[in-house]
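The sequence lines fix the lettering, A, B, ..., with proteins before strands; numbering per chain opens at 1. Every value quoted in this text rests on a predicted model; they were computed, and no experiment measured them.
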Amino acid sequence: MNHELHIKYFGQIAEITGKSFEIISVDAISIAQLVNHLTEFYPGLRDQEFKVAVDHQIKDRASQITQDAEIALLPPFAGG
Amino acid sequence: MTEYKEKYIRQIELPEIGTLGQERIFNSKVLVVGAGGLGCSALQYLTSMGVGTIGIVDFDRVSLSNLHRQILYSADDVGESKVNTAKKALHKLNPECIIYTYDVLLSKKNAASTISEYDLVIDATDMIPARYLINDTCVALNKPFIYGAIYKYQGQVAVFNYNNGPTYRCLFPDEPKEQIQNCDQRGVLAVLPGIIGLMQASEAIKLITGLGQPLSGVVGLFDMATMQWDRIKI
């Protein structure tokens with residue numbers, strides 16, 4: 001089934017993708033598969049540390065993404 | 001009315017604070033690690049609100065490029081120790097507040113002995129290794145700490161290790177291999193660390209008084225450019 005995902009990018013991740021938000025359509029996938037998919041589009045993500053949240057909850061990479069979920073890619077911040 | 005009560009009457013009037021809450025604030029001991037943008041903002045309000053004992057850890061000296069956001073320092077202080085300058089400014093703001101200064105880099109040698117003297121820690125550093133050291137020491141000593149960090153126009157804030165809640169390592173288990181850029185490398189608009197530092201100070205007051213619901217088990221993300229606020233459960 002095709003999924004429409006709303007993805008938010010934070011911090012350094014948004015700089016790599018060049019945007020803070022986008023909507024993508026993908027087949028039913030896990031978080032790991034989504035990360036691979038995004039890394040193909042944005043190779044700079046490969047070296048980045050980040051967590052993935054689905055509908056405002058951090059999930060591990062094995063979790064499946066439900067249809068029309070809101071995704072967030074959350075890197076650590078260092079500034080103070 | 002005593003001078004003490006008059007000074008804090010506008011807080012005491014709040015039913016959730018009251019005389020008991022103000023006493024708790026006065027009896028509390030808060031350690032602020034980092035006297036930069038986040039730290040200066042948090043320190044100013046923690047002091048004015050009547051926190052009885054405050055510790056400040058920072059080994060840095062005041063530089064001209066600090067002044068736009070590190071509001072405890074002025075042009076005359078350039079080259080001076082941050083902790084000593086901050087102490088002078090804060091003492092003027094509230095002479096009742098006892099302030100201890102640590103003109104050192106927080107390290108494995110001094111972290112436990114320093115943090116053990118306080119009820120809670122505000123992590124206002126701009127160095128990732130220091131954040132892991134604060135986390136691990138607070139976990140070992142069973143102390144909560146209030147995390148804040150910024151990246152350009154965005155800030156993160158969270159309460160970690162509070163009542164067996166998640167720690168920073170539950171969010172990011174390992175230190176990143178790649179360096180993450182800080183304000184010196186990426187730039188910063190002065191108001192953002194001010195806002196995030198005040199969020200940290202307000203979380204501290206909530207832990208001390210029991211007011212509201214602390215940001216534990218959740219990381220808050222604030223985007224100043226869009227004024228959006230996201231809460232992500234850990």
Mind checking whether [X] and [Y] have side chains closer than 4.5 Å, heavy atoms only?
X: B:Tyr151; Y: A:Pro76; answer: no
X: A:Phe10; Y: B:Asp223; answer: no
X: A:Phe77; Y: B:Arg131; answer: no
X: B:Leu221; Y: A:Lys8; answer: no
X: B:Lys152; Y: A:Glu15; answer: yes
X: B:Ile232; Y: A:Gln57; answer: no

Given that the side chain runs from C-beta out, which part of [X] has a heavy atom under 4.5 Å from chain A: side chain, backbone, both or neither?
X: B:Tyr153; value: neither
X: B:Val219; value: side chain
X: B:Leu192; value: neither

Could you tell me whether [X] atom [atom1] has more than 12 heavy atoms of other residues or ligands within 6.0 Å of it?
X: B:Asn164; atom1: CG; answer: no
X: B:His68; atom1: NE2; answer: yes
X: B:Tyr132; atom1: OH; answer: yes
X: A:Ile23; atom1: CD1; answer: yes
X: B:Lys29; atom1: NZ; answer: no
X: B:Tyr102; atom1: OH; answer: yes
X: B:Arg231; atom1: CZ; answer: no

ask   = Could you walk me through whether A:Lys51 and B:Ile234 pass the side-chain contact (heavy atoms from CB on, under 4.5 Å) check?
value = CA-CA 10 Å; A:Lys51 285 284 180 177; B:Ile234 299 166; over 6 Å; no

task = Against chain B, label A:Lys59 side chain, backbone, both or neither, depending on which of its atoms sit under 4.5 Å from a heavy atom there.
result =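 It is neither, since no heavy atom gets under 4.5 Å.
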
CZ on B:Phe172 to CG on A:Leu74, rounded to 0.5 Å =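 Here the rounded value is 4.5 Å.
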
query = Ignoring hydrogens and geometry, is there a side-chain-to-backbone donor-acceptor pair from A:Glu49 to B:Glu175 under 3.5 Å?
reply = no

